[in-house]
**Q** 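Next up is a structure, given as structure tokens.
Counting convention: from 1, in listed order, for ligands and their atoms alike. Quick note: numbers below take in every heavy atom, side chains included, and nothing from hydrogens, waters or symmetry partners.
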Amino acid sequence: MLNDIEEVLVTREELQQLAKRVGKQISEDYRGKDLVLVGVLKGGFVYLADLMREITIPVDMDFISVSSYGASTSSSGVVRIIKDIDIDITGKHVLIVEDLVDTGLTLRHLKELLSTRNPASVKLCTALDKPSRRKVDIEVDYEAIVIPDKFVVGYGLDYAGLYRNLPDVCTLSPRVYANKG
Ligand code: PRP
């Protein structure tokens, strides 16, 4: 697997430092409030796990599972809910946690969906941001690491289901795509 990496774009140390800064900020912003983190599966679980351990206030959590890309490397724009959250978010402050905001379609859809359930607020938090790919006007509320418009894997992000377990955010050798046809 390590032979398939072309370049490390964001190191595990940078990601850890990001989680620390954002976790501290969230702890300040939501002090005394009912906070629920909603991790977006599959990719969002890695950042969620790092981030929540940097949060020092009481926090509930849940997951939502969506699919937009399938096995391809570009967004189809179609967001499908595969698994919804289980908990009632009425009157609660919701923070959606993602690995990456790309076109923004997934987060816009999720924000709209969860906002219909009478939460106190819905905000967005992602580890990585590809602003050059944005198709919809959407505001991410917490600091994210800006990356160029390259297909990346690792830290939760996959190619054809693999490479999510790489601790750094990397590009893959063109050989990998060639082999998969
Ligand atoms: C990726 C990523 C975000 C979404 C961002 O997920 O985890 O959910 O794409 O793209 P957008 O801003 O263009 O909507 P993917 O669809 O690859 O699903 P996965 O996390 O299950 O791999």
**Q** With only distance considered, is G44 within less than 3.5 Å of ligand 1 through an N or O on each side?
**A**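 Between G44 and ligand 1 (N or O atoms, distance only) the closest approach is not under 3.5 Å.
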**Q** Do E6 and T171 have side-chain atoms, one donor and one acceptor, less than 3.5 Å apart?
**A**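 Per modelled atom types, E6 and T171 side chains form a pair under 3.5 Å.
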**Q** I'd like to check which ligand 1 atoms, numbered from 1 as shown, lie under 4.0 Å from a non-hydrogen atom of G43.
**A**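 Contacts of ligand 1 toward G43, numbered from 1: 19 (P), 20 (O).
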**Q** For ligand 1 and V40, I'd like to know whether there is a polar contact (N/O to N/O, distance under 3.5 Å).
**A**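 Such a contact does not occur with ligand 1.
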**Q** Pick one of side chain, backbone, both or neither for how D158 approaches ligand 1, counting any non-hydrogen atom pair under 4.0 Å.
**A**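 It is the side chain that touches ligand 1; the backbone stays farther off.
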**Q** R164 near ligand 1, heavy-atom distance under 4.0 Å?
**A**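 Distance cut 4.0 Å: R164 passes for ligand 1.
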**Q** When you check the gap from the basic side-chain N to the acidic O, do D4 and R175 get nearer than 4.0 Å?
**A**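 R175 and D4: salt-bridged.
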**Q** For the pair R134 (side chain) and D102 (backbone), establish whether a donor and an acceptor sit closer than 3.5 Å, ignoring hydrogens and angles.
**A**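 It does hold such a pair.
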**Q** Going by the side-chain hydrogen bond (donor to acceptor under 3.5 Å, both in side chains) test, name the single residue among D99, D168, D50 that passes it with Y155.
**A**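 Of D99, D168, D50, side-chain hydrogen bond (donor to acceptor under 3.5 Å, both in side chains) with Y155 is met by D50 alone.
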**Q** Checking side chain to side chain contact (heavy atoms under 4.5 Å, CB included) between V66 and each of L107, L113, L41, V79, which is the one that passes?
**A**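 Exactly one pass, corresponding to V79.
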**Q** For a quick check under 3.5 Å, do E14 and T11 share a side-chain donor-acceptor pair by atom type?
**A**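 Per modelled atom types, E14 and T11 side chains form a pair under 3.5 Å.
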**Q** Distance-only criterion, 3.5 Å: show the donor-acceptor pairs between side-chain atoms of residues 55-64 and protein atoms not counting sequence neighbours.
**A**
| unit_1 | atom_1 | unit_2 | atom_2 | d |
| --- | --- | --- | --- | --- |
| T56 | OG1 | S27 | OG | 3.3 |
| D62 | OD2 | D86 | N | 2.6 |
| D62 | OD2 | I87 | N | 3.1 |

**Q** Side chain, backbone, both or neither: which part of T103 has a heavy atom under 4.0 Å from ligand 1?
**A**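 For T103, the contact with ligand 1 is made by both the backbone and the side chain.
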**Q** With a cut-off of 4.0 Å, which atoms of ligand 1 are near a heavy atom of D99?
**A**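 Answer, ordered by atom number: 2 (C), 3 (C), 7 (O).
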**Q** Select the closest option to atom 3 (C) of ligand 1 among R80, E98, K42, judged by heavy-atom distance.
**A**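 Comparing heavy atoms across R80, E98, K42, the nearest one to atom 3 (C) of ligand 1 lies in E98.
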**Q** Below a 4.0 angstrom heavy-atom separation, can you tell me which part of K135, side chain or backbone, both or neither, approaches ligand 1?
**A**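 Contact part for K135 vs ligand 1: neither.
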